[in-house]
Amino acid sequence: MYIEHLVGKRLPDDPKDAQTPGHRLLLRGGYIRQVGQGIYSLLPLAQRACSRVEEIIRQEMNAIGGQEILMPVVSPAELWRESGRYETVGSEMLRFTDRNEHPCVLNMTHEEVVVDLARSNVDSYRQFPFMVYQIQTKFRDEPRSRGGLIRVREFTMKDGYSFHRTQEDLAAYYKECHAAYVRIFRRVGLRQVVDIESDTGMMGGSVAHEFMLVSDVGEDTLVLCDACGYRANREVARSARSYAATEALQPLGNVVTPAKKTIEEVTTFLGTDPTHACKAVAFVGDGRPVIAFVRGDFEVNQAKLRKALRTGDIRPMTEEEFAPFGSVAGFVGPIGLDTSKVTLLFDESVARSPNLVIGANAVDLHTTGFNFERDMPAGTPVHDLTDVNEGDPCVECGKPLRLTRGIEVGNIFQLGTKYTAAMSFEYSEEDGSLRTPIMGCYGIGVGRTMASVVEENHDKFGPFWPISIAPFQVQICCLGTAKDETVAPTGQKLHDELTAAGFDVLLDRRSVGAGFMFADADLIGAPIRIILSPRHMPRGMAELKFRLAEPREDLPREAALDTLVETVRTLAAELGKPYA
RNA sequence: CGGGGUGUGGCGCAGUUGGCUAGCGCACCUGCUUUGGGAGCAGGGGGUCGUGGGUUCGAGUCCCACCACCCCGACCA
């Protein structure tokens, strides 16, 4: 490939909308082009890298028995009605009608479609287990996209679905898939990927893990224990906080707190601190008022709240919505509410901390000396509703937890029978009985993985691509083509030989300054660079340079091919498996 | 959905007390000179000034509406 033919102009200036270092480089290098909000075209450089990511995924999925299929982007609404998600999933699913006014959706995931596929093709226990996967476009109408390819609305995803007769079989396969994911992320060149316990969200199911690239530009918060290896998404992370109470219990007592609404205002006014306050956070979940009570120094974790309520539909409460259940915004407390009209949820920080200040459900009034055990009806349930914080004791080993950010590049779920049961997928078991298969699903964002590689592997001049997914493995820079007319043909010959030997080679023989040429080469990021200049010509030499390392060396051109084969092998070996 | 911001050539921007053929840098084309970290000179091509309407002798510039995109928040496998 000649660089002048490569579609995708490299930009001299930084695009002003670039959010992250990787986004900036992908735009500047002419890898991607934004078409709309969260919608991008992939130009040849990005498409090449993505194709290689896909090929690695294919190899690893096939290696664990996956069968590649392709399901449609568009589905009739009926399939999503069958599972119930047509109603439960919100506006992130794009809905429309076709010319016959038939309601359709753009699939944002394919559980419904794959169950429909499987139930019409699988009847017997003999056919289990099996896994099908596809690499297909998804559309999710995210309320907000950002960060280039890290968070987009339309994207390519590898999604796999496995079906099993027993939970044990699913669990075993889940482990296999987990191991395949570890291999995939290592082979594409990501180093700091960790698997963490995750929320099951709208997917349902019980066990789930996310594969996260540790990165400051990530949107998720990871909770990690360096001592024992506990790691979880903050949405589900637990900690072993203790609430050792040594204080004598105080009696309940009302106190006037004029216009003191926030925890900060109330505790300052009363001369106490947030660990002695009860924070009431009001939501509406599935249309019913809900108050979450957490101690004043903690934050409500909405994912945990959703789980406790068993709904995905929650929103903050508006001020007018407090009166019907007997309270008022800013002064909400657990005593005296009409519990036929409002759901109360208590975090254990409230249940176990003594002598808390609570709202008295009346304007400018609080109550002191609240003690959960004493003041609430026996048997009132206690939940875990709060965010884990930096330094909290690990739930497994008690050592301090660490928080960091991460980009979710993949996830795996044990779904159980949520979809197979809802959609009446049954097969005949050995004993003749009808059974419902148990399902797992496994996703990897292809574009996001490619973009994550850049986030993790770059300098200010450009990406450094791992050999396994580099758009071009070798770039040949011909310097001084005007001064010495043998340079360009020599570069051409080398290009042809290396291409014939199976390398992806980009040849630059333009009459431009060396700085210009090298700057372009840095943006393209080929791991191996061969530089030819007039001074190499008489000696039959060429210069070999790696994108990642400064040392350059001259080598005889005759040996270039052998050296490169060896070099590529070495680079690939570092990624865990020889690149084909 | 709430708050804020920006729309002028491929990219980055100036021009906005209304006034001539709408400019600059980079990129692009032609020629010459250059050539080891974004070269120089000369010439050249390219723009419905986001869209629609209005005010005016005259609108990139003023008014109204709309649209797109960006940021913060809400939201989210």
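Naming convention: chains lettered A, B, ... in sequence-line order (proteins, then strands); numbering from 1 in each chain. Keep in mind the model is a prediction, meaning the values are calculated, not measured.
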**Asked** What salt bridge (Lys or Arg N to Asp or Glu O under 4.0 Å) pairs are there with at least one residue in residues 480-494 of chain A, not counting sequence neighbours?
**Response** A/Lys493-A/Glu497

**Message:** Strictly under 4.0 angstrom, non-hydrogen atoms only: write out the protein contact profile of nucleotides 32-51 of chain B, one letter per nucleotide from the 5' end, B, S or -.
**Reply:** ---BBBB-------------

**Item:** Which residues share a side chain to side chain contact (heavy atoms under 4.5 Å, CB included) with A/Ile39, sequence neighbours left out
**Value:** A/Val35, A/Phe139, A/Arg153

**Asked** For A/Asp297, what residues pass the side chain to side chain contact (heavy atoms under 4.5 Å, CB included) criterion, not counting sequence neighbours?
**Response** A/Pro274, A/Thr275, A/Arg295

In the structure shown, which nucleotide is the Watson-Crick or G-U wobble counterpart of [N], with both distances under 3.5 Å?
N	result
B/G9	none
B/A65	B/U51
B/G46	none
B/A22	none

**Asked** Can you tell which of B/C75, B/C69, B/C13 lies closest to the side chain of A/Gln34?
**Response** B/C69

**Prompt:** If only side-chain N and O atoms of A/Gln37 are considered, is one of them under 4.0 Å from the OP1 or OP2 phosphate oxygen of B/A68?
**Reply:** no

**Request:** Just grab all the side-chain hydrogen bond (donor to acceptor under 3.5 Å, both in side chains) pairs involving residues 27-37 of chain A, residues at least two apart or on different chains.
**Result:** A/Tyr31-A/Trp465

**Request:** Using the test side chain to side chain donor-acceptor pair (under 3.5 Å), find all partners of A/Glu197 that sit at least two apart in sequence or belong to another chain.
**Result:** none

**Request:** Might you confirm whether atom CD of A/Glu319 has over 12 heavy atoms from other residues, nucleotides or ligands at distances under 6.0 Å?
**Result:** no

**Request:** Please measure how far the C1' atom in B/C28 lies from the corresponding atom in B/A68, and state the result in whole Å.
**Result:** 27 Å

